[in-house]
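Here you go, one structure.
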Amino acid sequence: MNKTKKKWAVSSAAIMIALSLAACGNGGDKKKSSANDSGRAKLTEVYKNPDKASKSANAKSTLKVAEPNDSPFKGVTEPTLADNQEDSNVFSPGGNGNLFNVNKNYKIVDGGLADQKLDRKKNTVTITIRDNAKWSDGHPVVARDVEYPYEIIASPKSTSSQYSADFERIEGMADFHKGKTNTISGFTYPDGENGKKVVIQLNTLSPSMKFAGNSFIWGTVAPYHHYKGIAIDKLAASDQVRKNPLFVGPYKLDKLVAGESTSWSPNKYYWGKTPKVKHITINVVSSNSIDKAIQTKKYDFTTPGGVMRGTSYKNLKGLKDYKMVGIPALSYNYFGFNVGKYDTETQKNVMDPKAKMGNKKLRQAMMYAVDEDALNKKFGNGVKWRAKTLIPPVFDKYADKSAKGFPHNEKKANQLLDDAGYKKKGKWRVQPNGKPLVIHFGAMQGSATSHATYQDYLQRWQKVGLNVKMATGKEMEMNSFYDTLQKPKQNQIDIFAAAWGVSSEPTPTQLYGEDAPFNMGHFVSKKNTELINSLNNKKAWDDSYRTQQFKKWQEYMNDQAAYVATDNSFDWNPVNKRVKGFDLSPANNDFWANLSLTSSKIQ
């Protein structure tokens with residue numbers, strides 16, 4: 001599982017790992033969900049299988065895992081370069097390069113591949129790699145491997161989407177990113193590049209640095225000895241990343257069928273617990289086929305982080321040989337509006353004052369026109385509900401519980417459009433200048449449920465007089481969808497439905513910051529930048545101040561409506577009764593190594 005990664009673009013019903021607010025009920029074993037909404041599913045974060053593990057099953061049987069996805073995975077194994085959750089899922093037995101162990105609240109604790117020490121007086125972060133840490137080829141994990149991800153992310157020619165201004169707290173990072181220097185001066189190696197210690201000099205530390213997934217200190221390693229000599233802009237397509245990758249986790253990759261499956265066996269060089277299961281396969285299964293695949297016992301479980309929808313929960317929750325396991329998700333679905341472009345020279349997003357979707361009343365009206373509550377009542381089946389802000393409620397301290405979001409209000413939608421000058425001219429509303437208004441909606445191919453959802457959106461927008469059509473005339477294949485949105489400038493899509501799997505620390509710089517490549521709608525404002533920066537300034541060490549600033553940011557973003565969260569959900573999995581040790585809790589830092597089998601066949 002992936003605990004320290006940054007933000008991910010995912011398919012059309014995002015679900016990822018979540019914080020420690022465990023859910024309750026079905027096969028009940030652990031903490032209970034604090035959610036008091038009637039109709040919310042009751043789930044456990046752990047399946048406590050009482051049966052004994054079978055040595056024969058672990059040695060000879062194959063643990064079969066499904067990755068629910070309607071597109072082939074891209075196959076990018078390097079965490080700094082992967083920009084979607086699906087790649088992270090299918091390569092997760094290899095450990096995803098994770099540096100740190102965390103506790104139940106995702107606070108970094110000792111005991112992982114490396115330990116971290118913060119020094120607020122010196123403004124340094126010291127990372128010390130454990131002595132027995134090795135890559136899956138037997139090469140030691142060294143200090144250079146900790147530093148190199150920053151070079152990959154910040155290189156002027158990088159294809160990574162993970163850069164943001166937060167990294168510029170590191171001494172020399174801004175100059176490196178601008179191509180002024182060939183090294184990042186803020187990194188020093190007390191024992192040399194092949195040693196086990198890295199000291200990072202920053203201009204100031206941030207309270208978020210105590211937690212995995214923060215936007216200042218990157219949480220994975222990269223095998224420099226394996227990558228050196230490859231131009232960074234060629235790295236994502238290289239054989240070292242695509243065909244012959246290295247890992248630091250409990251398993252090594254045995255076979256890769258491009259876009260379709262991965263196969264794994266224990267990594268003999270793993271520093272941690274020896275894996276019990278000797279063979280694992282992960283296969284992509286479409287959302288239209290996943291229910292039948294589980295019902296016919298083709299798979300032991302679905303990937304943690306894989307997209308499992310409400311209709312699947314309804315169809316699978318009664319299976320006697322599977323337990324439904326889940327936790328509140330670090331993810332959300334959202335709408336985004338195209339309001340600008342990404343300037344490749346300045347490497348910043350820029351608002352277009354003439355953008356079609358530039359009027360916030362138009363954006364607000366479109367949000368009030370849709371009815372997420374009705375859709376979730378019909379399709380959510382207790383595992384999905386309407387979102388109120390861009391901070392998922394799993395961040396109990398920072399999510400604004402008083403926010404109303406955009407409940408369905410057709411009258412208000414019409415009034416906003418009238419007030420903004422979008423008058424009806426025949427069937428459709430026109431722009432304030434009297435010119436025709438055609439809005440192109442981008443969405444990904446998916447299940448019958450997602451198709452019905454998109455059609456409902458179109459009908460409700462059209463009901464308030466907006467001529468909204470599917471971009472390209474139909475729903476888009478996932479990779480094509482994100483390729484379009486990630487162009488520096490595009491006019492194919494005006495509004496899009498997408499999803500984020502977010503990290504375990506909620507700072508939104510890398511999603512909505514001025515220089516964030518993931519800011520695919522290109523919304524920028526002085527106030528947005530000020531509010532985001534305030535989340536990790538010196539005052540933010542006072543958590544009451546930080547909480548207040550998070551709520552101010554959520555209120556501001558709801559007002560601007562350039563990005564609007566639509567759904568929150570549970571991250572849930574059907575788990576076959578022959579699986580032992582299935583534990584989604586954040587403090588389970590060795591998810592794959594802790595699994596075992598009680599039977600040679602799926603029960």
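Basis for what follows: all heavy atoms, side chains included, without hydrogens, waters or symmetry-related copies. It should be emphasised that the depicted structure is a prediction, and the values quoted were computed from it without experimental measurement.
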Taking all non-hydrogen atoms of both residues, which atom of Gln554 and which atom of Asp400 are closest, and how far apart?
OE1-N, 3.0 Å

Taking the ring of Tyr563 and the ring of Tyr512, is the distance between their centroids below 6.0 Å?
yes

For Tyr457 and Tyr454, take the angle between the two ring planes, folded into 0 to 90°, and tell me which bin it lands in: parallel under 30, tilted 30 to 60, perpendicular over 60.
tilted

Give a yes-or-no answer on whether the side chains of Ser447 and Asn288 include a donor-acceptor pair shorter than 3.5 Å.
no

Without swapping roles, check the side chain of Asp87 against the backbone of Val76 for a donor-acceptor pair under 3.5 Å.
yes

Would Phe582 and Tyr47 count as a close aromatic pair, with their ring centres under 6.0 Å?
no

Closest non-hydrogen atom pair between Trp572 and Arg309, with its separation:
CZ2-O, 3.3 Å

Quick one: do the Glu505 and Ser503 side chains pair a donor with an acceptor below 3.5 Å?
no

Asn315-Asp291 side chain donor-acceptor pair, cut-off 3.5 Å:
yes

Residues Ser160 and Gln162: side-chain donor-acceptor under 3.5 angstrom:
no

Only pairs under 3.5 Å count here: list side-chain donor-acceptor contacts from residues 458-466, not counting sequence neighbours, and write none if there are none.
from	atom 1	to	atom 2	distance (Å)
Arg460	NE	Asp456	OD2	2.9
Trp461	NE1	Met366	O	2.8
Gln462	NE2	Val468	O	3.1

Is there a donor in the side chain of Ser289 and an acceptor in the side chain of Ser286, or the other way round, less than 3.5 Å apart?
yes

If only side-chain N and O atoms count, and only distance matters, is there a donor-acceptor pair under 3.5 Å linking Lys64 with Tyr299?
no

Just wondering, do Lys74 and Asn84 contact through their side chains at under 4.5 Å, heavy atoms?
yes

If you define the side chain from C-beta out and look only at heavy atoms, does anything of Pro407 sit under 4.5 Å from Arg386?
yes

Is it the case that atom NZ in Lys356 sees more than 12 heavy atoms from other parts of the structure closer than 6.0 Å?
yes

Listed by chain and number, what are the side chain to side chain contact (heavy atoms under 4.5 Å, CB included) partners of Gln603, not counting sequence neighbours?
Asn576, Lys577, Arg578, Thr598, Ser599

Which residues pass the ring-ring contact (aromatic ring centres under 6.0 Å, His included) test with Tyr422, sequence neighbours left out?
none

Aromatic ring proximity, centroids under 6.0 angstrom, Phe247 and Trp264:
yes

More than 12 heavy atoms from other groups under 6.0 Å of NZ on Lys255
no

Is the closest side-chain heavy-atom distance between Phe335 and Phe441 below 4.5 Å?
yes

Residue pair Ser585 / Glu45, side-chain donor-acceptor N/O under 3.5 Å
no

Pair Tyr251 and Trp592, ring centroids less than 6.0 Å apart:
no

Asp70 and Ser287: side-chain donor and acceptor closer than 3.5 Å?
yes

Compare all side-chain heavy atoms of Val277 with those of Ile280 and state whether any distance is below 4.5 angstrom.
yes

Give the intermediate values and the outcome of salt bridge (charged side-chain N to carboxylate O under 4.0 Å, His left out) for residues Lys48 and Asp583.
CA-CA 8 Å; Lys48 287 189 175 180; Asp583 182 355; over 6 Å; no

Indicate, with yes or no, if the rings of Phe337 and Phe496 have centres closer together than 6.0 Å.
no

